[in-house]
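Structure first, then comments.
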Amino acid sequence: MTKITLTNSKTRQKEPFEPIDPNNVRMYVCGPTVYDRAHLGNARPVIVFDVLYRLLRHLYGGEHVTYVRNFTDVDDKINAEAQRRKDAGDARPLEELIRERTDETIAWYHADMAALGNLVPDHEPRATEYIGQMIAMISDLIGKGHAYAKKGHVLFRVRSYEAYGALSGRSVDDMIAGARVEVAPFKEDPMDFVLWKPSDADLPGWDSPWGRGRPGWHIECSAMAHELLGASFDIHGGGIDLQFPHHENEIAQSACAHPEGEFARVWMHNEMLQVEGRKMSKSLGNFFTVRDLLDQGFPGEVIRFVMLSTHYSKPMDWTEAKAKAARKTLAHWQELTDKAERSRRPHLDVVDALSDDLNTSLAITRLHAHARAVETASGNERKELAARFLGTLELLGIGEDWRDGVRIAIEAAFETTALLDRLTQRLEDARAAKDWVRADAIKASLVDAGVQVMIGQDGVKRVLTPDFDPAKLEALK
RNA sequence: GGCGGGUUGGCGGAGAGGUUACGCAGCGGAUUGCAAAUCCGUGUAGACCGGUUCGAUUCCGGUACCCGCCUCCA
């Protein structure tokens, strides 16, 4: 079987991947805080780890892989949004407003991530549904001397965990010297972090041994990962920005609470996304959500393709030029696989590329070669190659809705098929009559409306391009 | 200050210590009524300075510049 290698942040090395249990390969990826629409940067880890999920499913079997991605629905940004609505005159209790906000954000997230061609993980736990497990874990940590309660807070005692900082390559002393730590009077050590914090009356809270309060950010992942995947599991993923402090703290909590396990064996971090060479930020005016792009007419698949064209370990630069090129490539590939059946035998060299630390860029390179092979083949061989090509694309989550020909769907949607047929017939007639002036005029107007016209041995073939404008076509009646 | 990523031909972007990456664009050709699409061919790349080596863009050291994280952030 194909062997996977993955770069493990924990060891900073590319290592052969050996699942703890090949019959149940387990991965956990940090999901979104559900206070607003997912931005483009949020989409990168989702797409990257979706490809990993697909690869694992392909190699180990769909029923032998468990993928967990959480929703963080306890957070001060969520509280602030709910409070804003309350201040705006909504009379309902805050709890209800929060639930409404998180519910609607999760629905958006599902829609947007589906539009990008991502599979839904096997479990999508919400933090609020695991408060009991978090409280139990915190109590356990206190019992073991790794945490302490003070003034309604519970803090993790960083000095009690020797390996703290190993994942991110930092030492506690260096970080304190670096001085960017919050000093709070109730902390034994400035690096200690919050496991539990008190909530006043107008904040969401749960009863606990330390009074009414809410969990700190990091504990949820430790609690949910343990509940759903056990004390040891295979892969933990997320953005590189989470490496510290979030993942470092997760490790500390989980390792101390469950010393019998090893928590995550392999840690994977994707690099950040940039936009036209700059950090995406509201202040630079280049901030946009996935939904913004979709609404601007970028197909989800194009966004996905651009994301996969850069290796996950490198900064990814989103540019319109890349999107344009991706659109062109995908249009061609779609044309190649039009009406093809999907084979279940993907090309091995692409599987190999993905198995080599998820080298999606190399996988795409190899797909180009396969595309050419389809193009140059004919008859049954072409049919077979097209089927395998389509089956290979599935590993990248591309082409899943091409099966019946999106082209046909679009034409039907615009109710232009009949009109197109008529115009095509007119072109055929003009050609048959060798009336080149008329033929050229018809062709030019079709091209102007965004219809690609291809004249070959067996007549006129037309393909709708992304620039297709039904209004212009109507004008040709 | 600490930690990390990057620097490859016009643009994007990989692998490999020595033999063509690949894609887009460009150029030449085939094909075509003309086109489009496609196919074939075509690129004096590897920030800079040292080192290791028979040989480095690839390994090692240093320099410069760009980006990010260390505070909520994927």
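By convention in this document, chain letters (A, B, ...) are assigned in the order of the sequence lines, proteins followed by strands, and residues within each chain are numbered from 1.
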task = Have a look at I455(A) and say if it touches a base, only the backbone sugar-phosphate, or nothing, with a 4.0 Å heavy-atom cut-off.
result = base
message = Would you say K314(A) places a side-chain N or O within less than 4.0 Å of OP1 or OP2 belonging to G68(B)?
response = no
ask   = In whole angstroms, how far is the P atom of C73(B) from the NE2 atom of H247(A)?
value = 10 Å
message = In this structure, how many angstroms lie between the P atom of C73(B) and the CG atom of N249(A), rounded?
response = 11 Å
ask   = Does F193(A) have its ring centroid less than 6.0 Å away from the ring centroid of W217(A)?
value = no
ask   = Among A37(B), G5(B), A74(B), which nucleotide sits nearest the side chain of Q452(A)?
value = A37(B)
ask   = Parallel under 30°, tilted from 30 to 60°, perpendicular over 60°: which one fits the rings of F288(A) and W318(A)?
value = perpendicular
inquiry  = Can you check the distance between U8(B) and G1(B), where both ends of the measurement are the P atom (answer in whole Å)?
reply    = 26 Å
query = Is any side-chain nitrogen or oxygen of K322(A) closer than 4.0 Å to OP1 or OP2 of G13(B)?
reply = yes
inquiry  = Only pairs with both distances under 3.5 Å count, Watson-Crick or wobble alike; so what is the partner of G18(B) in this structure?
reply    = C54(B)
ask   = Considering every strand shown, what is the Watson-Crick or G-U wobble mate of C34(B) when both distances are under 3.5 Å?
value = none
ask   = T310(A) near the nucleic acid: base, sugar-phosphate alone, or nothing, with a heavy-atom cut-off under 4.0 Å?
value = sugar-phosphate
query = Counting any heavy atom closer than 4.0 Å, what does R69(A) reach on the DNA or RNA strands: base, sugar-phosphate only, or nothing?
reply = nothing
ask   = Where the side chain of L362(A) is defined as all heavy atoms beyond and including C-beta, which of C24(B), G13(B), A21(B) is the nearest nucleotide?
value = A21(B)
task = Answer with base, sugar-phosphate or nothing: what part of the nucleic acid does L242(A) contact at a heavy-atom distance below 4.0 Å?
result = sugar-phosphate
ask   = Taking atom types as modelled, is there a side-chain donor on Y67(A) or D50(A) under 3.5 Å from an acceptor on the other?
value = no
inquiry  = Counting only side-chain nitrogens and oxygens, does R372(A) get under 4.0 Å of the OP1 or OP2 atom of C22(B)?
reply    = no
message = Can you tell me the base-pairing partner of U42(B)? Count Watson-Crick or G-U wobble geometry only, both distances below 3.5 Å, and say none if there is no partner.
response = G26(B)
Y161(A) ring center near F156(A) ring center (under 6.0 Å) = no
message = Nearest to the side chain of T329(A), heavy atoms from C-beta on, is which of C39(B), C69(B), G23(B)?
response = G23(B)
Sugar-phosphate, base or nothing in reach of H332(A), heavy atoms under 4.0 Å = sugar-phosphate
query = Among C24(B), C70(B), C39(B), which nucleotide sits nearest the side chain of F244(A)?
reply = C70(B)
inquiry  = Looking only at the side chain of K443(A) (C-beta and beyond, no hydrogens), which of the listed nucleotides C70(B), G33(B), C22(B) gets closest?
reply    = G33(B)
query = When you compare G50(B) with C24(B), how far apart are their C1' atoms, in angstrom units rounded to a whole number?
reply = 37 Å
request  = For I78(A) and C73(B), give me the distance from atom CD1 to atom C1', rounded to whole Å.
outcome  = 13 Å
inquiry  = Need one value for N359(A): base, sugar-phosphate or nothing, where a base atom within 4.0 Å counts as base even if backbone is also close, heavy atoms only.
reply    = sugar-phosphate
message = Regarding Y35(A) and N79(A), do their side chains bring together a donor and an acceptor under 3.5 Å, going by distance alone?
response = no
query = Of the nucleotides G5(B), C22(B), C34(B), which one has an atom closest to the side chain of D440(A)?
reply = C34(B)
query = For A47(B), what is the paired nucleotide under Watson-Crick or G-U wobble rules, both distances under 3.5 Å?
reply = U63(B)
ask   = Which part of the nucleic acid, if any, lies within contact of G41(A), taking any heavy atom under 4.0 Å across all strands shown: a base, the sugar-phosphate backbone alone, or nothing?
value = base
query = Looking at the side chain of W217(A), which of C39(B), G33(B), C72(B) is the nearest nucleotide?
reply = C72(B)
key: Rounded distance in Å - NE2 (H368(A)) to P (C22(B))   = 11 Å
message = Can you tell me which nucleotide in A25(B), G5(B), C72(B) comes closest to the side chain of E271(A)?
response = G5(B)
request  = Of all the heavy-atom pairs spanning E250(A) and W267(A), show the shortest one and how long it is.
outcome  = OE1-CH2, 4.2 Å
request  = Would you classify H311(A) as touching base, sugar-phosphate or nothing, given that sugar-phosphate means primed atoms plus P, OP1 and OP2, and contacts are heavy atoms under 4.0 Å?
outcome  = sugar-phosphate
ask   = Taking the same atom, C1', in U44(B) and in U53(B), what whole-Å distance lies between them?
value = 25 Å
request  = Decide if the gap between the ring center of H269(A) and the ring center of F244(A) is smaller than 6.0 angstrom.
outcome  = no
inquiry  = Between A36(B) and C73(B), how far apart are the two C1' atoms, rounded to whole Å?
reply    = 47 Å
note = Rounded to whole Å, CG of L446(A) lies from C1' of A35(B) at a distance of 13 Å
